[in-house]
Amino acid sequence: MRHAFITLNAIVLREAQRFVRQRGRFVAALVRPLIWLLVFAAGFRAALGLSIAPPYQTYITYEVYIVPGLCGMILLFNGMQSSLSLVYDREMGSMRLLLTAPLPRWWLLFCRLVASTAISILQAYTFLAVAAAFGIRMPVVGYLAVLPALAVAGIMLGALGLALSSLIKQLENFAGVMNFVIFPMFFLSTALYPLWKMAESSTMLRDICAVNPFTHAVEFIRFALYGQFNGPALGWTVVAGAIFFLLAVWGYDPARGLLRRKS
């Protein structure tokens with residue numbers, strides 16, 4: 001146990017130091033959701049009317065609605081960014097060196113997952129602070145209640161990134177995979193519009209959004225920001241995270257996964 005926690009601390013510290021050195025990564029993580037919040041939301045406000053639906057008790061502006069979805073965007077993009085660094089580490093050899101440590105492979109991957117999730121949570125809270133500075137505030141209890149929701153959602157999305165990184169053999173292929181994963185997950189979810197709005201356009205699109213794991217992660221964050229608990233969203237997010245993590249462990253298994261394919 002002692003060696004396991006030493007490993008966890010070392011990996012988290014390494015990722016934190018890398019993040020501090022890559023200041024552009026932090027800025028980029030904030031610019032993307034802020035553009036949606038301050039630019040696109042202003043244009044969509046008149047076009048997209050929102051009815052009263054849980055967890056909201058009254059009518060809200062479109063800017064308020066998309067804040068949880070933009071928090072999810074930060075978690076999603078950072079999970080993919082962390083996977084990009086995994087592909088780079090594997091090409092440079094440091095990832096292979098890490099996986100040869102005398103500890104269970106799943107624990108080493110979990111440590112990497114915890115490190116990337118911690119950075120995602122920091123970015124999400126920074127975004128919430130900036131949004132509050134622009135007058136988009138949540139209940140005070142929500143800023144505390146959302147912490148476990150961000151952690152669960154971040155682990156799920158980070159596990160997805162881990163699973164993808166085990167399938168990508170070269171760094172150049174990562175951009176194409178991201179486009180086939182990030183954008184469909186984000187746009188086919190409740191991050192930007194509620195399910196009932198999607199149903200007005202297409203029942204099939206509504207059903208796709210309903211089964212999208214990212215939708216459940218966003219809804220878990222949305223309810224938590226208002227001090228409410230969404231059990232089904234938590235359940236689906238945990239199940240999806242467990243599946244993605246098992247796929248990542250399988251992918252990095254030298255007997256069956258990526259390492260065997262590359263040898």
Side-chain angles (χ1 to χ4, degrees), residues 32-33 36 48 50-56 60 62 64-80 82-83 110 113-114 116-118 120-121 123-125 127-128 138-139 142-164 178 180-248:
R32 193 180 299 111
W36 275 99
L48 294 174
L50 296 175
S51 64
I52 300 177
Y56 308 108
I60 57 171
Y62 184 64
V64 172
Y65 176 82
I66 65 172
V67 164
L70 296 180
C71 287
M73 171 195 276
I74 292 173
L75 301 178
L76 176 62
F77 274 83
N78 189 69
M80 296 300 120
S82 178
S83 300
F110 181 74
L113 186 57
V114 169
S116 66
T117 302
S120 298
I121 292 173
Q123 292 174 329
Y125 267 107
F127 168 71
L128 289 173
M138 307 297 159
Y143 290 107
L144 298 176
V146 78
L147 177 58
L150 292 174
V152 172
I155 288 176
M156 185 270 283
L157 295 170
L160 172 61
L162 274 178
L164 290 175
M178 288 180 67
F180 281 102
V181 174
I182 286 183
F183 293 115
M185 284 195 75
F186 180 69
F187 289 109
L188 292 175
S189 72
T190 57
L192 301 179
Y193 19 71
L195 284 179
W196 66 264
K197 202 71 177 178
M198 292 295 297
E200 291 180 355
S201 173
S202 169
T203 302
M204 184 178 70
L205 281 178
R206 187 264 178 201
D207 293 339
I208 293 174
C209 292
V211 299
N212 183 355
F214 186 66
T215 289
H216 299 286
V218 168
E219 291 306 304
F220 189 38
I221 294 171
R222 189 186 310 281
F223 276 74
L225 278 171
Y226 287 85
Q228 300 182 33
F229 178 69
N230 190 327
L234 170 61
W236 283 111
T237 303
V238 170
V239 169
I243 293 173
F244 294 148
F245 185 69
L246 289 175
L247 289 175

message = One pair to check against side-chain contact (heavy atoms from CB on, under 4.5 Å): Leu192 and Tyr62. What are the steps and the verdict?
response = CA-CA 9 Å; Leu192 301 179; Tyr62 184 64; 3.7 Å; yes
key: Sub-4.5 Å side-chain heavy-atom contact between Pro33 and Phe77   = no
Heavy-atom pair with the smallest gap, counting every atom of Leu195 and Cys209 = CD2-CB, 3.5 Å
request  = Compare every heavy atom of Ala217 with every heavy atom of Met156, then report the nearest pair and how far apart it is.
outcome  = CE-CB, 3.7 Å
query = Would you call Trp236 and Thr215 a side-chain contact if the rule is heavy atoms closer than 4.5 Å?
reply = no
request  = To the nearest 0.5 angstrom, please state how far the CG atom of Leu188 sits from the CE atom of Met198.
outcome  = 6.0 Å
ask   = So, do Met80 and Leu160 sit near enough that their side-chain heavy atoms are less than 4.5 Å apart?
value = yes
task = Write down the atom of Ala159, the atom of Ala248, and the distance for their closest heavy-atom approach.
result = O-CB, 4.4 Å
request  = Provide the closest heavy-atom pair for Leu113 versus Thr117 in the form atom of the first, atom of the second, distance.
outcome  = O-OG1, 2.8 Å
request  = Check Pro68 against Leu225 and note the closest heavy-atom contact, atom names and distance.
outcome  = CG-CD1, 3.8 Å
task = Answer yes or no: is there a side-chain heavy-atom contact under 4.5 Å between Phe245 and Ile155?
result = no
query = Distance-only, no hydrogens or angles: does the Asn230 side chain make a donor-acceptor pair with backbone N or O of Phe223 under 3.5 Å?
reply = no
ask   = Does the side chain of Leu157 come within less than 4.5 Å of Phe244's, by heavy atoms?
value = no
task = Starting at CD1 of Ile74, measure out to CG of Leu150 and round the result to the nearest 0.5 Å.
result = 9.0 Å
key: salt bridge (charged side-chain N to carboxylate O under 4.0 Å, His left out) partners of residues 214-232, not counting sequence neighbours, each pair once   = Glu219-Arg222
key: Nearest heavy atoms of Ser116 and Asn78, plus distance in Å   = O-ND2, 3.1 Å
ask   = Can you check side-chain contact (heavy atoms from CB on, under 4.5 Å) on Val146 and Tyr125, steps first, answer last?
value = CA-CA 9 Å; Val146 78; Tyr125 267 107; 3.5 Å; yes
message = Please check: side-chain N/O of Tyr143 versus main-chain N/O of Met138, any donor-acceptor pairing under 3.5 Å?
response = yes
key: Inter-residue atom distance Leu205.CG - Phe187.CZ, 0.5 Å rounding   = 13.5 Å
query = Rounded to the nearest 0.5 Å, how far does CD1 of Ile121 lie from CG of Leu147?
reply = 5.5 Å
query = What's the spacing between Trp36 CH2 and Leu70 CG if we round to 0.5 Å?
reply = 8.5 Å
task = Would you please classify the geometry between the Phe214 ring and the Phe186 ring as parallel, tilted or perpendicular, with 30° and 60° separating the classes?
result = tilted
